[in-house]
Number of protein chains: 2
Amino acid sequence: MVTIKDVAGAAGVSIATVSRALADPDRVAAATRDRVLAAADALGYTPNRAARGLRAGRTNAIGLLVPDLTNPYFAVVARGVSQRARSHGVAVFVADSEEDPAAEVDLLRGLVGQTDGVLLCSPRALIRDTDVLGAHPAVFVNHALDAAPSVALDDVAGAVAALEHLRSLGHRSIAYVAGPTTSWSDARRRDALQAVAERHPELEIHVLGPYPPTVEGGSAAAGVVIASGATAALAFNDTVAVGLMRRVIALGLRVPHDLSVAGFDDTYLTTLVTPALTSVHGDVTEVGRRATDLLLDRIERPDAPGELVLLPSWLVQRDSTAPPLSRLVPAPTTSPAPAEPTPGAP
Amino acid sequence: MVTIKDVAGAAGVSIATVSRALADPDRVAAATRDRVLAAADALGYTPNRAARGLRAGRTNAIGLLVPDLTNPYFAVVARGVSQRARSHGVAVFVADSEEDPAAEVDLLRGLVGQTDGVLLCSPRALIRDTDVLGAHPAVFVNHALDAAPSVALDDVAGAVAALEHLRSLGHRSIAYVAGPTTSWSDARRRDALQAVAERHPELEIHVLGPYPPTVEGGSAAAGVVIASGATAALAFNDTVAVGLMRRVIALGLRVPHDLSVAGFDDTYLTTLVTPALTSVHGDVTEVGRRATDLLLDRIERPDAPGELVLLPSWLVQRDSTAPPLSRLVPAPTTSPAPAEPTPGAP
DNA sequence: CTGAAAGCGCTAACAC
DNA sequence: GTGTTAGCGCTTTCAG
């Protein structure tokens, strides 16, 4: 390993001068600076971040904790985080709890010790436990906690839009396939659905679950959704929606004719499946970027007030939602008038 | 931050004793050890990894470089890496190059400086450049380079199996939708297909591409595949296969009747799409785990000889492959002994 | 069995 | 403008 000493020796200066030449080139004479930089370059010198961090009380790294890296949603968040972190010169530790709350706490504990701050994405464990987080800078994604900074998609608006969409199609009995009990987003959505239902007494909302936020979770919910008598289902996320849809189809029903299905997150899965999935869209990469910004800011100014940043979300209508079978005339839709799909034979 | 000094103070011992009590409990008196551990626990002490690493000349972290974290394949590799790394107490830096070779080199450079070793997954850049890697321990995934240790799925076997499967179904004109030019796996597969084609003179293989290893890449290939006259297509990976399939269907053709489609990697996408995708399966989580093992070993013993670990892969038949339209009688599928199919119309 | 002390690579006072 | 030096938190001789 080539250290600052080697460079100093090669350039014939002291290590302090090397350090300065690299950190603040204006504070050394031009000739010296050039000599130092040339030497550093020739030797392929890279400052040891651990040593630098030790001195500065910084690690120049942040941690990202997600419940499931194979879920496209979190992969995209991670991408946003990587982008922003890279442009700020900080590295990203990624930890995948695989939906296990206990593992989440363990991983968080590890992350805290070796990062300047942590990004907690859709935490499944109850993180009230300040013992593990302490005063460590943290930003939550899809989870608001006390005065901690948070970033989330405004899924309340999305949930309302989805429900209104289904209502306008003529659905009156709608199932919500809930995600993990500890999910903040899930709770928010349930409240939002409740509020809409109160505004429209003719609507009947069946909250079903909780189910695991996976394809399997969606499949598992199919029977219960059908038994509920709902003509449309809104699922916790796209992954669940896809699992639900596939199982419903496997059971011999048709989507959207027998059951309309909509998801959340608008991941790229939506356009891969048949029928294409109606979903609540948001800019997920941006969620990752904003969360990173907030975290880096928090690291600089630990006493800054926490805020909840809500990014817009809206519904993207595709082929998995349509009027219920009983209605022959489609309800009036405002602008993007979708052509009424003629129910063809299979 | 609670340091070793705090613990030493609380336990009424020196910092050296604390260090020993934690690292090698047998070397301190039982009573002292208990007192130290109790104090450490009470204070919530976690050793600072940067400091520890500085002393040991180690960072206790490894780097993982992938071309696309949103591809389920790499997400699963990352999961395997996380699992194994966690059980060895090393942290994982994840870097996503977003399929950009230049970014890849940059990210690699950054990773080298702050890790004990690097896992290079399906590198798109030419890494011969030892300037950037130097003597840094590295393990390749899906890429063999000189004497470096490597882990890959035996996709040659998989490619052969896929091609034989299509041949036994009666296909004679088969397209291969190639991935990135610099992909090692892609080159291996092309060679394997070539070898099979030479064994079976009646087979015509159209190598098409390169195309980006994404859904869009697959869609873009659809026209060319159809124009090639092939009755079956093998795609670089599932993502490409899915893009191809959807576009082909959107163009009004039927899969598998007008075109059979098969992919590689057997990601969870295969069972989400309609028809379910035939794909070459391998244990991808295990790839990540084995690669991590190899890397940790390499870090311990830098002079150990490199080896290429090939994990088995095999074909999983689903609904996206079937005899070509021209054949009315399906070829026998049970025994792997394909009866010579009656030649169909071109 | 335990403490004192050196030193990992680096930065930031503080001299000169 | 540049060198000297202390010390970040930790492990590891070396004494006792």
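- The ring-ring contact (aromatic ring centres under 6.0 Å, His included) check on A:Tyr45 picks up nothing, with sequence neighbours excluded.
- The side chain of A:Ser19 contributes an N or O atom lying less than 4.0 Å from OP1 or OP2 of C:dT11.
- A salt bridge is defined here as a Lys NZ or Arg NE, NH1 or NH2 lying under 4.0 Å from an Asp or Glu carboxylate O, and B:Asp293 with B:Arg289 fails to meet this definition.
- Salt bridge B:Asp26/B:Arg33: absent, no basic N to carboxylate O contact under 4.0 Å.
- The aromatic rings of B:Phe93 and A:Phe93 sit parallel, their planes meeting at an angle under 30°, below the 60° perpendicular limit.
- In this structure, the CD1 atom of A:Ile4 is 13 Å from the C1' atom of C:dC8, given to the nearest Å.
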Restricting both atoms to N or O, compile the protein contacts to nucleotides 1-4 of chain C shorter than 3.5 Å, with distance only.
from: C:dT2; atom 1: OP1; to: B:Thr32; atom 2: OG1; distance (Å): 2.3
from: C:dT2; atom 1: OP2; to: B:Ala29; atom 2: N; distance (Å): 2.8
from: C:dG3; atom 1: OP2; to: B:Ser14; atom 2: N; distance (Å): 3.0
from: C:dG3; atom 1: OP2; to: B:Ser14; atom 2: OG; distance (Å): 3.1
from: C:dG3; atom 1: OP2; to: B:Thr17; atom 2: OG1; distance (Å): 2.5
from: C:dG3; atom 1: N7; to: B:Arg20; atom 2: NH2; distance (Å): 2.8
from: C:dG3; atom 1: O6; to: B:Arg20; atom 2: NH1; distance (Å): 3.1

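- When the side-chain hydrogen bond (donor to acceptor under 3.5 Å, both in side chains) test is applied to A:Asp186, the partners found at least two apart in sequence or on another chain are A:Tyr176, A:Arg190.
- Listed pair B:Arg52 / D:dT11 meets the phosphate criterion, a side-chain N or O lying under 4.0 Å from OP1 or OP2.
- Counting to the nearest Å, the C1' atom of D:dT12 and the CZ atom of B:Arg58 are 16 Å from each other.
- For the pair A:Asp6 CG and C:dG9 C1', the interatomic distance rounds to 11 Å; values are reported in whole Å.
- Under the 3.5 Å distance criterion, the side-chain polar atoms of A:Glu104 are matched with a main-chain donor or acceptor of A:Arg124.
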